[in-house]
Amino acid sequence: MISTRHRPLLPWLAVAFGWLVSQGLSLLYPRALFWDDWLFYTGNSIDFSMKGARDWCCWPRSEIEGFLLGVHPGSFRVLTFIIFPLVAFAAWRIAGYFVGTILTRREQHVFALLVLFLPANSARITNITFIYSISLLSFMAAAWLWIRLRHIALLIVAVPLFLFSFRTSSLLVFALVPALLGLLVDRRERRLPETLVVVRAALPVTLAVGYRFFVSDNAVQEGYNEFQFGGVARAALLFFGLAVLLGALVTARHRLQLSSRALTQLGAGLFVLWLGAMPYMVVGHLSSISDWTVYFLPGEGDWHSRHQLLLPFGLALSIIGFWNLLEGKAMTLLAPLTIAMSLLFNFLYSVEYFVDARKQDAVIQALRADPDIRESKVVYLQDDSSTAKLNARSRQYREYEFDGQLKRALGAQAPLFFDDSQVSSETCLDPVEVPVYKSFAPVSAFTKFQVVLGRPIDITLERSAVLACLKPEFRP
């Protein structure tokens with residue numbers, strides 16, 4: 001029998017175990033790279049060229065990433081594994097300020113668990129998205145300090161945390177959430193004069209606006225984060241649709257005997273959900289169904305899932321409000337089921353990326369073992385359908401991922417990866433052969449779960465060739 005002294009630890013241990021099941025496999029492939037991780041890869045001992053990071057963003061991002069790479073490339077994934085439970089903990093503490101008003105103590109716990117476990121942002125396991133993860137943690141810590149503000153010292157800590165978090169642009173808009181929550185808490189507890197309440201509520205938004213116009217470092221992403229008419233229209237249409245849905249429920253409240261508290265939860269959740277999606281929608285992201293339901297529609301949407309960074313907060317509160325509209329024992333029945341299903345999806349996603357990482361290792365070993373590939377100046381790599389089945393969640397490798405694997409396999413002896421920049425625009429009468437290496441794997445002989453349990457992946461390379469008119473500097 002478990003002693004009373006240890007019972008308070010049980011919920012926390014259960015959450016830790018659930019998170020380990022959900023995301024623990026990501027700790028077993030520390031050197032694996034996915035998607036745009038490979039863009040900065042140079043084949044050197046610390047894996048990345050930080051010049052690329054400086055060109056992409058700014059100080060101190062490049063310094064933080066450079067330090068972590070100097071420690072170990074896997075440090076990104078270890079910290080990401082730690083960051084999201086801390087984000088959920090901050091969300092739990094913030095939700096605690098509304099227990100007794102729109103939340104019960106049980107709903108506070110369920111909200112935090114949904115924030116942690118809902119299947120969203122599967123791209124979080126990539127090294128290149130680490131800046132979004134650390135920005136979110138910085139923002140949530142600042143929001144918690146802001147709402148519980150009791151002393152000027154907390155203000156001094158919260159402001160730099162907000163400013164650091166704003167390097168992820170969507171958090172500039174999301175600053176409206178702690179501003180509104182702080183306003184509600186201040187007015188309820190009457191801890192400040194009315195004038196100061198309004199001034200304090202405006203500060204997070206003022207910081208965000210000031211950062212956007214005077215400090216913003218995202219000019220390098222022009223063309224990627226530019227406003228698009230279609231995106232603005234979609235965001236406005238989503239807001240209108242959610243408002244109509246909520247208005248219809250409020251209108252039918254008495255006839256359907258709907259709970260006012262549940263409608264408040266649903267309305268607040270839908271607004272926060274929209275506020276987390278809108279910054280991405282107006283610049284053309286979150287524009288397709290797969291971007292919203294990435295776990296159910298595998299493929300390229302996995303990479304776009306990084307735009308789901310802020311969705312779990314509004315989604316969690318909306319789900320709680322919906323359950324409470326059903327009344328009865330809906331939450332008692334559906335909360336454990338939803339969390340269990342989320343754990344299952346997260347685990348299956350982890351299996352997919354674990355197998356992808358093992359496949360990368362097998363391809364790299366096959367490249368190292370090939371006696372002819374070092375003799376080529378330019379080569380082309382591609383997956384056979386058998387090895388493509390080992391890619392995580394049906395994703396297609398991009399050319400720079402193959403290029404990075406060549407560099408990791410052969411270092412300074414790696415040939416160039418064939419692309420259009422090497423093709424001569426002039427008419428040539430003597431095209432040369434470019435070796436094409438296609439990877440094969442006996443996929444039918446094993447399952448992905450057998451790979452997780454230790455079964456090796458045997459990769460073989462089949463060589464063929466294509467004729468191409470190469471520029472003189474790329475000819476053998």
Side-chain angles (χ1 to χ4, degrees), residues 21-38 41 77 119 121-127 288-291 293-306 341 343-370 373 379-409 417-418 435-464 466:
V21 170
S22 180
Q23 303 287 345
L25 280 178
S26 66
L27 302 178
L28 301 182
Y29 45 85
R31 292 182 62 85
L33 305 176
F34 304 101
W35 304 106
D36 285 14
D37 289 350
W38 290 102
Y41 184 76
R77 204 157 285 127
N121 188 20
S122 57
R124 74 181 73 178
I125 53 93
T126 60
N127 291 359
S288 67
I289 294 297
S290 66
D291 292 344
T293 58
V294 64
Y295 272 72
F296 305 97
L297 299 174
E300 297 298 306
D302 257 22
W303 178 232
H304 299 308
S305 77
R306 66 196 189 279
M341 291 298 295
L343 284 172
L344 177 62
F345 279 116
N346 290 334
F347 174 71
L348 293 176
Y349 131 81
S350 294
V351 167
E352 294 276 336
Y353 278 97
F354 180 86
V355 173
D356 194 317
R358 293 287 302 279
K359 177 239 180 176
Q360 289 181 28
D361 291 340
V363 169
I364 289 167
Q365 291 300 323
L367 290 170
R368 285 175 180 160
D370 190 279
I373 198 166
V379 300
Y380 188 77
L381 301 181
Q382 60 182 177
D383 276 333
D384 175 65
S385 59
S386 62
T387 46
K389 292 178 181 178
L390 297 172
N391 298 347
R393 297 180 50 74
S394 304
R395 75 187 189 94
Q396 299 297 312
Y397 273 37
R398 304 180 184 189
E399 291 186 347
Y400 51 74
E401 294 188 73
F402 287 119
D403 184 38
Q405 290 177 14
L406 268 174
K407 291 183 172 122
R408 176 168 276 184
F417 187 84
F418 176 66
V436 176
Y437 288 86
K438 181 180 286 189
S439 59
F440 288 86
V443 175
S444 60
F446 54 84
T447 66
K448 290 185 176 182
F449 283 102
Q450 287 177 312
V451 175
V452 173
L453 295 175
R455 175 148 190 169
I457 298 175
D458 298 318
I459 296 287
T460 58
L461 298 176
E462 180 182 274
R463 176 174 170 144
S464 59
V466 295

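These numbers were taken from a predicted model, which means no experiment stands behind them.
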Verdict with reasoning, Leu406 to Phe402, per side-chain contact (heavy atoms from CB on, under 4.5 Å): CA-CA 6 Å; Leu406 268 174; Phe402 287 119; over 6 Å; no
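- With sequence neighbours left out, Ser350 forms a side-chain contact (heavy atoms from CB on, under 4.5 Å) with Gln23, Leu25.
- With Gln450 contributing its side chain and Arg455 its backbone, the two residues share no donor-acceptor pair below 3.5 Å.
- Nearest heavy atom pair, residue Phe347 against residue Val21, reads CD1-O, 3.5 Å.
- Summarising the geometry of Tyr29 relative to Ala357, their closest heavy-atom pair is CB-CB, 3.5 Å, with the distance given to 0.1 Å.
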Stepwise side-chain contact (heavy atoms from CB on, under 4.5 Å) check, Trp38 with Asp403: CA-CA 8 Å; Trp38 290 102; Asp403 184 38; over 6 Å; no
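- Note that OG of Ser305 and CZ of Arg124 are 8.0 Å apart. Values are rounded to the nearest 0.5 Å.
- Put simply, CG on Leu367 and CZ on Arg408 are 12.5 Å apart, with the number rounded to the nearest 0.5 Å.
- In this structure, the salt bridge (charged side-chain N to carboxylate O under 4.0 Å, His left out) partners of Asp383, at least two apart in sequence or on a different chain, are Lys359.
- How far CG of Asp356 is from CG of Leu33: 10.5 Å, rounded to the nearest 0.5 Å.
- Shortest non-hydrogen contact noted between Arg358 and Gly454 is NH2-O, 4.1 Å.
- For Leu27, the side-chain contact (heavy atoms from CB on, under 4.5 Å) partners two or more places apart in sequence, or in a different chain, are Val78, Phe81.
- For the atom pair CD1 (Ile125) and CG (Asp37), the distance works out to 7.5 Å, reported to the nearest 0.5 Å.
- Take Tyr380 and apply the side chain to side chain donor-acceptor pair (under 3.5 Å) test, not counting sequence neighbours, and it matches no residue.
- For Gln365, the side-chain contact (heavy atoms from CB on, under 4.5 Å) test picks out Arg368, with sequence neighbours left out.
- Considering all non-hydrogen atoms of both residues, Ser439 and Ile459 come closest at CB-CG2, 3.9 Å.
- Here Asp370 pairs with nothing under the side chain to side chain donor-acceptor pair (under 3.5 Å) rule; sequence neighbours left out.
- Atom-to-atom distance recorded for Phe345:CZ and Ser22:OG is 12.0 Å, nearest 0.5 angstrom.
- Here the closest non-hydrogen pair linking Gln405 and Val363 is OE1-CG1, 3.4 Å.
- Remark: of the listed residues Tyr400, Tyr353, Trp303, Trp303 is the sole one forming a ring pair (Phe, Tyr, Trp, His ring centres under 6.0 Å) with Trp35.
- The distance from atom OG1 of Thr126 to atom CZ of Arg77, rounded to the nearest 0.5 Å, is 8.0 Å.
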